[in-house]
Protein chains: 2
Amino acid sequence: MLTGREFCVTRIEKTNTSASLPQKCQHCTMRHAGLCATLTAPEMVQFNAMSHTKHFSAGQLIRLEGEPVSFYANVISGAAKTIKSTHDGRQQIVGLILPGDFIDRVFVEHAPCSVEAMSDMELCAYPRGRFEAIVKKDPDLEHRLLTLALDDLDQAEEWMLLLGRKTAREKVASFLLLLARRSHHFSCPHLVSERQAFAGPLTIHIPMTRNNMADYLGLTTETVCRQMTSLRKDGVIDLPDNHCFTCPDIERLEQEADR
Amino acid sequence: MLTGREFCVTRIEKTNTSASLPQKCQHCTMRHAGLCATLTAPEMVQFNAMSHTKHFSAGQLIRLEGEPVSFYANVISGAAKTIKSTHDGRQQIVGLILPGDFIDRVFVEHAPCSVEAMSDMELCAYPRGRFEAIVKKDPDLEHRLLTLALDDLDQAEEWMLLLGRKTAREKVASFLLLLARRSHHFSCPHLVSERQAFAGPLTIHIPMTRNNMADYLGLTTETVCRQMTSLRKDGVIDLPDNHCFTCPDIERLEQEADR
DNA sequence: CGCCTTATTGAAACCGTTCAACGATTGTGG
DNA sequence: CCACAATCGTTGAACGGTTTCAATAAGGCG
């Protein structure tokens, strides 16, 4: 549930050399992200042994609030959201889950929030019991989980500033910036190579609907729309299609986002 | 930095018997709260040996964002806030720190947020290096820290729902409810005993200014004021003085807060 | 007592929402 | 393959909750 304040590149740690890694991991696009980035080769072998790939399609529920948790997972591709709702149905996305992120809280018997896929997703899943057993025997691994949880807290606090104090325009700009900073994990599918994505103005995929953006930013769909077109008219971004944007000048976007 | 969704009573775990505890801990009002509630007697001895009491007065800075962290601490009395700000000075309180809470993130070299005392405070502080050394040698303790961090995440997400989706009235009601649920840790100072606090309508101390409430709720001082008087006029609460409120019917307040 | 901070109240302005209509896109069944 | 429905995105106009600005009251501390 990391939401990525820095370009993901900064998180990549080459702790695992490709020698002696499981086949599946060697070719995994997320090998250098999130939890996996911190795994030693033996740990990776252990996790791989019990991992199985899971697929979810857009709109499918991955977890239901209050239900028992049966597995944890790393996101390989796609995007999900964790939701909290008021009694009368207003809802707020409290966590964006993107490629490289981990689902979900460890050591929590029942899911604290519902998790729903916002696009088709591929997960690398681990049975809960066996995962926890490994962690319990590996204090250093647990230390890394603690670090990840504290990172999540940072992101959550950053988002509280956004929700409580930023204007609609700043909110939308901040969100686009967040996507930009994590973009190399989910560049626009129709781009052939990453190099293409970084040549000229960045083209960044928006893996969700305007409605989901609104629920993440504490706004309405209409306001998100208006701010998007406003940013476009002011030349901050361009919108080639509904699920992409390009940004000719990231610094300009950063100014608009106030971060 | 727990913000307490449940009555604190629920968190009290009697893992430590009073036999063989350090004098200081035996008489500490926060012995059964937060981190200390989870400590074994030997652990408590260890922590006590390096603890020293620290006092801060209202308005004093406990941590400055980005500065190196030199100590961790449990809050014995008083209240503090952690703040995030936009470039142009709008600020958002992202964490309330009340008696029983822990300051701050463990294992973070530099403070991620500034922390400022909102009232006079008494802390039970531990030098950073020695604290971390103990934790590193005690995986089970680290596990408990992880659990506390995940609790904090829960609270943060609850607050994101409030900031993003609740009305001003619901925000204020939610905040008062939060105080009520943690009130037995900081009942109104002029009340002689806890029994008195729970006899008749609850009287609950508000350990901060309206301005701080506003910064926590993503509102302005004026709006907080108006909602407080509105709740008073509607008989949900009473306001004997600026830093207290009473609530004749907690369920009514819960309805107003939508939680 | 007088100064300074904090709290309260009122009136006007404004930002984002609500309501409504329409266009674009996607998917489905005839 | 097209017609149709359903969902999603966009734009406009009116409304309203919260903020802003301003003035006053209350509280705390020397």
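By convention in this document, chain letters (A, B, ...) are assigned in the order of the sequence lines, proteins followed by strands, and residues within each chain are numbered from 1. Worth knowing before you read on, the calculation uses all heavy atoms, side chains too, and leaves out hydrogens, waters and symmetry mates.
- The side chain of A/R226 approaches D/dT11 more closely than any other nucleotide in the set D/dT11, D/dT18, C/dT9.
- Note that A/K81 lies outside the cation-pi zone of A/Y216, set by a 6.0 Å cut-off to the ring centre and a 45° limit from the axis.
- A cation-pi contact, defined as under 6.0 Å to the ring centre and within 45° of the axis, is absent between B/R105 and B/Y72.
- With D/dG9, C/dG16, C/dT8 as the choices, the nucleotide that has an atom nearest any side-chain atom of A/R210 turns out to be D/dG9.
- Taking atom NZ of residue B/K171 and atom C1' of nucleotide D/dT19, one finds them 12 Å apart after rounding to whole Å.
- The CG atom of A/L239 sits 15 Å away from the C1' atom of D/dT11 (whole-angstrom rounding).
- Considering only side-chain atoms of B/C225, the nucleotide from C/dG16, C/dT18, C/dT9 that sits closest is C/dT9.
- Regarding contacts with the backbone of C/dT8, every side-chain N or O of B/T229 stays at 4.0 angstrom or more from both OP1 and OP2.
- Considering only side-chain atoms of B/N242, the nucleotide from D/dT18, C/dG16, C/dT8 that sits closest is C/dT8.
- Both A/M228 and A/R165 lie near DNA chain D, and the one whose nearest nucleotide falls closer to the 5' end is A/M228.
- The distance between atom CG of B/L231 and atom C1' of C/dT8, rounded to the nearest whole Å, is 15 Å.
- Judged by closest nucleotide on DNA chain C, B/E222 is the one of B/E222 and A/G218 placed further toward the 5' end.
- Listed candidates were D/dT10, D/dC8, C/dC19. Nearest to the side chain of A/T209 is D/dC8.
- Checking B/K166 against B/S174 by side-chain atom types alone, a donor-acceptor pair falls below 3.5 Å.
- Between B/T223 and the phosphate of D/dT18, there is no side-chain N or O to OP1/OP2 separation shorter than 4.0 Å.
- The two residues B/R165 and A/D215 have their closest heavy-atom pair at NH2-OD1, 2.9 Å.
- In this structure, the CG atom of B/L217 is 10 Å from the P atom of D/dT19, given to the nearest Å.
- In this structure, A/I206 places its CD1 atom 12 Å from C1' of D/dG9, rounding to the nearest Å.
- At whole-Å resolution of the value, CG in B/D215 and P in C/dA7 are 12 Å apart.
- Atom pair B/H243:NE2 and D/dG27:C1' shows a separation of 9 Å (rounding to whole Å applied).
- In this structure, B/R232 forms no cation-pi arrangement with B/F245, as its terminal cationic atom is not both closer than 6.0 Å to the ring centre and no more than 45° off the ring axis.
- With rounding to whole Å, B/L219 atom CG is found 16 Å from C/dA7 atom C1'.
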